[in-house]
Number of protein chains: 8
Amino acid sequence: MTEASRAADATSLAAPAGAPVVGIVMGSDSDWPVMQEAARALEEFGIPYEADVVSAHRMPDEMIAYGQSAGGRGLRVVIAGAGGAAHLPGMLASVTPLPVVGVPVPLRYLDGMDSLLSIVQMPAGVPVATVSIGGARNAGLLAARIVGTGGDALALAVRERMVAFQADLRDQAHAKGAALREQVARGLTS
Amino acid sequence: MTEASRAADATSLAAPAGAPVVGIVMGSDSDWPVMQEAARALEEFGIPYEADVVSAHRMPDEMIAYGQSAGGRGLRVVIAGAGGAAHLPGMLASVTPLPVVGVPVPLRYLDGMDSLLSIVQMPAGVPVATVSIGGARNAGLLAARIVGTGGDALALAVRERMVAFQADLRDQAHAKGAALREQVARGLTS
Amino acid sequence: MTEASRAADATSLAAPAGAPVVGIVMGSDSDWPVMQEAARALEEFGIPYEADVVSAHRMPDEMIAYGQSAGGRGLRVVIAGAGGAAHLPGMLASVTPLPVVGVPVPLRYLDGMDSLLSIVQMPAGVPVATVSIGGARNAGLLAARIVGTGGDALALAVRERMVAFQADLRDQAHAKGAALREQVARGLTS
Amino acid sequence: MTEASRAADATSLAAPAGAPVVGIVMGSDSDWPVMQEAARALEEFGIPYEADVVSAHRMPDEMIAYGQSAGGRGLRVVIAGAGGAAHLPGMLASVTPLPVVGVPVPLRYLDGMDSLLSIVQMPAGVPVATVSIGGARNAGLLAARIVGTGGDALALAVRERMVAFQADLRDQAHAKGAALREQVARGLTS
Amino acid sequence: MTEASRAADATSLAAPAGAPVVGIVMGSDSDWPVMQEAARALEEFGIPYEADVVSAHRMPDEMIAYGQSAGGRGLRVVIAGAGGAAHLPGMLASVTPLPVVGVPVPLRYLDGMDSLLSIVQMPAGVPVATVSIGGARNAGLLAARIVGTGGDALALAVRERMVAFQADLRDQAHAKGAALREQVARGLTS
Amino acid sequence: MTEASRAADATSLAAPAGAPVVGIVMGSDSDWPVMQEAARALEEFGIPYEADVVSAHRMPDEMIAYGQSAGGRGLRVVIAGAGGAAHLPGMLASVTPLPVVGVPVPLRYLDGMDSLLSIVQMPAGVPVATVSIGGARNAGLLAARIVGTGGDALALAVRERMVAFQADLRDQAHAKGAALREQVARGLTS
Amino acid sequence: MTEASRAADATSLAAPAGAPVVGIVMGSDSDWPVMQEAARALEEFGIPYEADVVSAHRMPDEMIAYGQSAGGRGLRVVIAGAGGAAHLPGMLASVTPLPVVGVPVPLRYLDGMDSLLSIVQMPAGVPVATVSIGGARNAGLLAARIVGTGGDALALAVRERMVAFQADLRDQAHAKGAALREQVARGLTS
Amino acid sequence: MTEASRAADATSLAAPAGAPVVGIVMGSDSDWPVMQEAARALEEFGIPYEADVVSAHRMPDEMIAYGQSAGGRGLRVVIAGAGGAAHLPGMLASVTPLPVVGVPVPLRYLDGMDSLLSIVQMPAGVPVATVSIGGARNAGLLAARIVGTGGDALALAVRERMVAFQADLRDQAHAKGAALREQVARGLTS
């Protein structure tokens with residue numbers, strides 16, 4: 001384990017302090033097992049967040065209110081996950097000037113292809129920053145990159161940690177390569 | 001031309017009288033060339049309608065207001081057309097108890113497959129009655145069938161006309177068959 | 001549990017009274033595990049229905065007779081589920097002036113994409129109100145919305161219950177949001 | 001031009017004599033430009049055929065009557081072309097014991113993928129012999145192969161011509177190869 | 001159980017007598033669990049068949065010899081199953097004038113879509129009668145329909161049995177409908 | 001034309017002043033007709049940018065150097081467009097801690113589906129903010145939203161303009177609705 | 001224009017000398033407009049080749065003979081292009097120990113997806129080196145890379161030229177970048 | 001077991017001697033269960049290889065260094081496996097003049113279709129020899145065929161073994177056919 005990953009682990013034990021700067025929302029609590037990876041990533045970067053169920057189809061008024069108030073409440077990024085005819089990310093993007101990150105949640109059929117197209121194919125004027133099917137961890141990391149473009153102390157800390165995080169990814173890949181080379185030297189398993 | 005189609009033609013010259021019972025909405029006026037086929041079908045059945053641009057992404061508040069007031073204003077069915085990440089039909093279905101008919105409008109890429117999946121794959125609780133890609137005429141006919149299930153004079157008239165319309169479809173197919181048989185009897189063109 | 005859902009639960013214990021106004025049909029009894037969700041939804045709204053196996057491919061004459069007699073027997077909506085090269089919804093729509101709701105039943109391969117396209121891509125003239133893959137519950141709810149557009153006492157009751165149902169969906173989503181916020185406050189599970 | 005193709009050409013000028021043994025049907029006369037290639041192939045093999053518009057959705061009663069009477073009228077094979085939610089081939093296969101050849105006709109969107117799946121994915125019990133998207137010529141050739149399996153004089157003649165036809169395909173390919181080799185020897189065009 | 005199905009059952013106990021008129025071939029014995037449904041269907045119709053592994057990719061010379069000799073050995077139809085880049089049905093169709101029925105065998109990925117396209121999308125001149133993904137039973141039934149178009153005693157017997165078989169399908173569907181109606185009358189299971 | 005759009009138009013005439021904060025890169029100059037919409041959007045928001053050809057496949061060393069130096073040179077966001085096996089956005093994301101926005105450029109075949117999947121389906125650890133196929137304008141708007149989350153004067157200006165821009169979208173939709181209502185009042189065109 | 005591209009241009013004027021080491025084959029001469037890009041690439045690298053029509057479906061015996069004799073005649077690589085149910089590359093790979101490069105040729109429908117899957121999804125034991133849809137130029141370049149792995153003078157020359165070719169790609173991309181930067185500096189076109 | 005497969009088995013027990021001529025790389029050690037089939041195939045042919053984790057996204061500098069040094073270190077072919085937005089094969093192909101074989105590794109969603117398109121759809125100039133989804137064994141066999149085109153002793157040995165390997169495939173298919181014929185003679189299992 002490297003320095004960077006140790007630091008990340010330490011962070012993840014502590015609840016994020018301060019007012020949330022990222023909002024994680026989803027259409028149903030059944031999306032949480034997928035979406036909590038976004039929360040975990042934000043915790044690794046020490047970014048305060050909030051998480052909530054905000055359904056475009058079941059509570060449209062509150063959904064719009066959530067989006068319209070997001071910037072005023074101090075959020076800088078909204079992460080929205082939804083599946084099937086997934087309208088939440090796009091609808092939020094239409095009522096906030098903040099960047100919205102969309103996570104296509106795969107449902108029982110079609111492997112998330114419907115979720116992906118419903119999120120990414122937004123009309124000109126209302127962008128959604130779409131990540132991979134089920135890619136909530138990357139949604140959290142993308143939010144961290146966005147927070148890192150700001151000018152305050154949090155942004156600075158996140159930017160530094162992102163560099164360490166990327167070095168850590170490299171180190172882990174190196175270690176895996178070494179282990180694989182060793183394993184192959186011992187011969188293939190039948 | 002049969003009796004039924006002559007009657008339909010006559011109707012289509014007259015603007016529908018009375019308060020609208022079907023609302024036709026679309027995300028942009030660029031959808032009108034596709035969506036006006038729904039209007040034409042309603043005119044053939046003598047069903048009063050209204051048509052408007054109601055964009056889920058560009059005017060979300062008004063879109064919700066449209067849906068919430070639709071039933072109270074006397075509409076019985078809402079037809080909504082949209083393309084790409086098409087959210088309008090599903091969002092309207094979430095704010096009205098009326099049946100909502102969704103028309104997947106094909107855009108420049110993907111042949112409307114994104115529009116179709118964004119409209120039809122709605123989560124349990126909020127149905128959208130989806131028709132074929134670009135199938136606005138069928139949306140109008142489906143709305144007519146729904147209006148025809150009511151108990152008033154309009155419903156009765158629509159139901160009768162629908163029976164005549166279906167007989168007319170059959171007659172037209174018969175005529176096409178006769179013409180084709182004649183053509184084949186004269187020999188294939190090279 | 002809210003008032004509305006308690007009312008719905010009470011209803012679901014009682015068999016629907018009166019002559020059926022919705023017919024639920026499917027190509028094979030193997031579709032019943034999917035299709036019974038339509039029946040359940042209708043029971044929640046107190047709408048009398050019938051259910052039957054009517055196969056387009058195995059009993060075409062009876063299938064056509066079913067469709068041709070549906071309106072005369074008092075049905076207002078037909079719900080038809082089928083899988084693969086799913087012809088039942090479209091064939092019924094061609095022999096009845098009633099609105100037909102199609103449910104694409106997913107089979108062993110292709111995740112229901114073949115069922116969806118076989119049902120939704122109907123030619124101009126013969127619409128099928130298609131719902132999501134496996135979306136029988138939404139088919140029932142769509143039928144309820146359609147019944148709710150009528151002018152009789154049943155329609156009025158259904159319309160009122162639909163408003164309560166939608167409020168209930170919202171309340172449930174609120175409750176899920178509250179539970180999620182609490183859970184996140186206690187920390188992420190590893 | 002080879003002997004075999006000259007013979008075929010000669011045949012194609014003469015209308016097929018005798019009672020039709022293959023029926024070519026389609027949902028609309030707009031399918032004829034695609035479907036006439038099936039007729040042309042049958043003429044090349046001297047197989048009497050009939051062609052008609054038989055719409056599953058616009059004239060279901062007549063469609064079923066067509067299928068139920070096909071064998072009794074002397075047809076040995078039915079070729080059915082349809083597009084979109086293409087139900088004609090499968091419905092005919094359900095009302096005749098004859099082999100039914102299905103031609104997926106491509107419509108404006110989806111490149112015929114909906115037509116293909118609606119035709120080929122038939123449930124166990126009711127097979128349709130599906131050919132390629134727009135592959136009406138192959139439908140005619142497949143019908144010829146089937147006719148060729150019979151025991152009468154027509155079958156014998158078709159079988160012999162099929163062998164000559166296949167030799168002809170080979171000869172044409174040879175000739176194309178020779179021409180290409182020559183062209184390449186002269187150098188690539190810029 | 002109806003008369004027709006009892007007769008079919010009786011037949012299936014006896015090995016088909018006489019020289020095979022249908023050849024069932026597949027690229028690997030791993031396809032047999034899928035392909036044996038074709039054999040079973042042929043046995044139900046009393047049609048003598050042979051079954052073999054004939055791989056286009058592993059024994060191309062023998063594959064071509066199989067196709068070239070098929071007609072001469074008395075086969076009237078060849079059924080070929082293959083998966084992935086499935087070349088066997090098309091290659092056999094290119095070396096025999098007999099009708100070739102192709103069965104797309106689904107492999108581990110893509111749900112058989114690759115198998116389907118590799119079989120059905122044959123170029124003009126060389127048709128393959130394609131059935132559904134994994135649809136070996138329908139391949140057998142299609143072969144039976146083709147055999148039934150001949151003029152000999154076997155053809156006559158098969159044709160009669162096919163009529164009975166279709167009546168049987170209808171009776172089974174009726175029985176399923178009756179059972180379902182009864183089950184629904186007793187109330188939905190929770 | 002509204003106040004907001006007039007302001008935007010005025011801006012678009014002036015070249016963006018100051019050091020670039022957004023980098024727009026693409027694999028080939030043939031992508032420029034698509035990608036310049038991103039530039040145009042940035043100009044509307046007064047955001048200085050640079051544009052360059054940086055090919056992952058033709059100049060990998062320079063591509064990596066571009067990514068590694070992007071943050072140090074003052075860029076806050078990188079927009080990368082590519083088609084087919086589109087590797088540029090993902091490779092850049094792996095060598096910079098900045099947010100990278102990916103634009104799937106549609107090529108001659110597959111309507112950009114290959115481009116979309118090659119960009120959006122990134123492995124955990126390296127996110128790309130993907131927009132719609134050919135959606136370069138939205139890429140520019142997303143970059144503007146991200147720039148707007150910063151704390152400096154530019155961010156403030158962009159945030160304010162984004163609110164005006166969204167109001168403008170709404171006004172334009174209103175105007176389109178009014179025009180459509182008028183047109184429909186005059187009757188449908190034949 | 002760089003040194004390397006000038007050298008390549010010079011070469012392309014001269015017919016390749018010596019016995020062919022690469023065979024370019026296709027199912028029909030209609031594939032030549034696509035496939036000649038492979039020939040052009042080989043000429044740029046001074047690699048002698050032959051080109052021919054060798055149809056898997058129209059001349060299967062000759063196709064197998066071609067594959068079986070390819071190595072003995074001095075070929076080191078076979079490039080095979082085909083469309084639809086594209087069997088040529090895989091069939092050749094089954095009768096030669098040489099590497100076979102497959103080019104999916106797009107036909108009228110499906111944008112070459114059928115061609116791609118028919119070529120790339122080969123069963124274990126018989127590989128085909130598949131390139132992109134319509135990617136004949138890359139097929140030629142891949143053949144050149146393979147020829148370059150040999151030990152003779154031709155291999156050495158090809159390897160050197162490949163390094164120059166890659167440098168040339170980089171230089172061209174540089175030049176395009178410079179031109180784009182200049183164009184942007186002059187302002188966007190409206 | 002045949003002579004050829006016995007020889008292959010014997011070889012597979014011994015570690016490959018001499019400097020590696022094939023490099024097998026993958027983005028993560030989680031790809032090894034798929035990719036080791038490439039190693040096993042190379043061992044069957046006595047081809048020395050190396051295996052390593054080289055991630056395009058986690059260690060881009062090292063990935064480029066690996067590609068740039070591959071030829072100089074004596075490798076003749078690089079096999080690269082990756083999943084999702086799979087960039088490794090294409091990026092390696094852009095920095096080495098060697099042939100690169102790409103293996104689309106299927107991930108949790110989309111059955112490897114994203115991996116396939118990300119690898120095979122490379123732009124003109126930079127080819128990747130793509131094999132089937134999960135087709136690592138074929139990648140090894142393709143590398144063997146390429147090694148077999150060289151002029152040295154290893155190439156000669158590989159070429160001879162490939163001929164024996166193909167004969168072995170044929171013998172195994174023969175044996176499977178014999179077993180199947182026997183099994184069918186004993187009757188179908190119920």
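Naming: A, B, ... by sequence-line order, numbering from 1 per chain.
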[X] versus chain F, heavy atoms under 4.5 Å apart: side chain, backbone, both or neither?
X         : value
Ala82(H)  : neither
Met63(H)  : side chain
Leu107(H) : neither

Part of Ala86(F) lying under 4.5 Å from any heavy atom of chain H
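Just the backbone, heavy atoms under 4.5 Å.
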Residue Leu110(F) versus chain H: region with a heavy atom under 4.5 Å
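Interface part for Leu110(F): side chain.
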Stepwise salt bridge (Lys or Arg N to Asp or Glu O under 4.0 Å) test for Arg40(H) and Glu43(H)
CA-CA 5 Å; Arg40(H) 207 182 301 280; Glu43(H) 294 201 357; over 6 Å; no
Most chain H-contacting option - heavy-atom pairs closer than 4.5 Å, from Gly90(F), Gly67(F), Gly84(F)
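Ranked by heavy-atom pairs under 4.5 Å with chain H, first place is Gly90(F).
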Quick one: is the NZ or CZ of Arg170(F) closer than 6.0 Å to the six-membered ring centre of Phe165(F), and within 45° of its axis?
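No - Arg170(F) does not lie over the ring of Phe165(F) by the 6.0 Å and 45° rule.
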May I ask you to decide if the ring planes of His87(F) and His57(F) are parallel, tilted or perpendicular, using 30° and 60° as cut-offs?
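His87(F) and His57(F): perpendicular rings.
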With a 4.5 Å heavy-atom cut-off, do Pro106(F) and Asp111(F) have their side chains touching?
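Counting from C-beta outward, Pro106(F) and Asp111(F) never come under 4.5 Å.
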Okay, side chain of Thr96(F), backbone of Ala70(F): is any donor-acceptor separation there less than 3.5 Å?
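Such a contact is absent between Thr96(F) side chain and Ala70(F) backbone.
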